[in-house]
Amino acid sequence: MTIHCPTTDEDVRSYCERGYIQYPTFFSPDELTALRAAMEHACTSTRERIKGAPGGGRASEEYERALNQKVNLWTDYPEAKAITFHPRLAEAARRLSGARSVRLYHDHALVKPGGEISKATNWHQDSPFWPMEPQGALSAWIAVDDVDENNGCMSFIPHSHRFGKLEAIPLGVDGASIVTNMKARGQEVAEPVAMPMRAGGVTFHHGCTFHYATPNRTDRPRWAFAVIYIPDYVRFTGGSDPAGAAGEMTPGGSWEHPLHPLLAGE
Ligand SMILES: O=C(O)CCC(=O)C(=O)O
């Protein structure tokens, strides 16, 4: 099957250089209508944050002021699965990460509440939270709403993935920031680049790229959906796995498991 993937060699070069890339019109807004309905259902029902995790994987109230999150919607909602398994999206991730194939780590709805309570998503890297080595895993962040700096669009620091994996930054703690930490160590950190885009736009970012999202100053929640891809050259390092497969995988081994299905390549 031919997959019409927009990712060119120049895109791969730019992603490797900067640690992120933006596709402003990856999906049409109509392609996301069913996903949005599934996300709304998951977020307004009793659906756990992380299914099977102790206490449903509930995050602190402070954390939920930055993000209301539901992990692995693909296991419950065919409408979410259609996007999580979307061949063009997965093929873009495969090409950008220089992999022969990519597997799913997990998907997640990322809903930033609006209004006074809304908080920024602190500057952080994703990789310290992922049981993976070497680095190379990446996220596709899909704008389900139009996003800008008024309602919680993402920002990235160019080239920051080159710092490699650093410390985990708590998202529920005011002022915690990997940028502040690095500057305190005398490191030069580039200026951030904001990523406003219309619904249907997608950014990909490397697991070590510093990223942030503004608080949502509007009175409506900001809806986004992210899919995280594991390149074939990345091993499971042991420890916890939000998909619930940790006990059935070998530390140091591959991510081959039905809960981490192959999404592109072979
Ligand atoms: O949606 C957000 O506010 C942050 C998302 C994020 O940090 C991520 O997708 O890695």
Side-chain angles (χ1 to χ4, degrees), residues 15 19-23 26 32 35-36 39 42-43 49-50 59-60 62-73 80 83-84 89 92-93 96-97 104-115 117-130 132 135-157 160-161 165-174 176-179 192-197 199 201-218 220-230 242:
Y15 170 82
Y20 64 87
I21 190 166
Q22 183 179 44
Y23 292 100
F26 200 98
L32 301 181
L35 168 68
R36 190 195 181 93
M39 285 174 61
C43 291
R49 176 169 173 266
I50 303 176
S60 68
E62 285 303 297
Y63 184 108
E64 289 181 2
R65 289 173 62 183
L67 283 178
N68 180 4
Q69 205 174 14
K70 300 284 176 183
V71 173
N72 267 350
L73 290 194
I83 301 297
T84 303
L89 194 68
L96 292 170
S97 59
L104 175 66
Y105 180 38
H106 64 78
D107 67 28
H108 49 166
L110 295 165
V111 186
K112 187 179 274 295
I117 61 149
S118 185
K119 294 208 324 191
T121 313
N122 290 341
W123 282 107
H124 70 285
Q125 298 180 305
D126 295 328
S127 55
F129 300 100
W130 297 344
M132 300 180 198
Q135 300 310 310
L138 72 170
S139 298
W141 191 97
I142 303 161
V144 178
D145 280 327
D146 295 351
V147 289
D148 60 24
E149 287 180 275
N150 199 40
N151 74 339
C153 76
M154 292 268 271
S155 292
F156 298 115
I157 303 259
S160 52
H161 61 310
K165 176 170 147 181
L166 302 164
E167 68 273 22
I169 298 295
L171 296 190
V173 175
D174 277 350
S177 160
I178 191 67
V179 173
V193 181
M195 293 285 132
M197 53 189 174
V202 174
T203 53
F204 287 87
H205 64 274
H206 185 282
C208 294
T209 299
F210 298 0
H211 57 287
Y212 163 91
T214 51
N216 177 1
R217 303 283 179 221
T218 72
R220 284 175 303 129
R222 179 225 68 191
W223 296 84
F225 186 70
V227 184
I228 306 169
Y229 300 91
I230 312 170

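Indexing begins at 1, ligand by ligand and atom by atom, following the structure's order.
R222 and V147 get closest at one heavy-atom pair: CG-CG1, 3.7 Å. M39 approaches L110 most closely through the heavy-atom pair CE-N, 4.5 Å. Counting all heavy atoms, side chain and backbone alike, T209 lies closest to I157 at CG2-O, 4.1 Å.
Every protein residue with a heavy atom nearer than 4.0 Å to ligand 1 is included here: L67, L110, K112, T121, H124, D126, W141, M154, H205, H211, A213, R222.
At most 12 non-hydrogen atoms from other residues, nucleotides or ligands lie less than 6.0 angstrom from CD of E149.
Relative orientation of the Y105 and W130 rings is perpendicular, given thresholds of 30° and 60° on the angle between their planes. Note on ring orientation: taking the six-membered ring where Trp is involved, the planes of W123 and Y212 are parallel (angle under 30°, cut-offs 30° and 60°).
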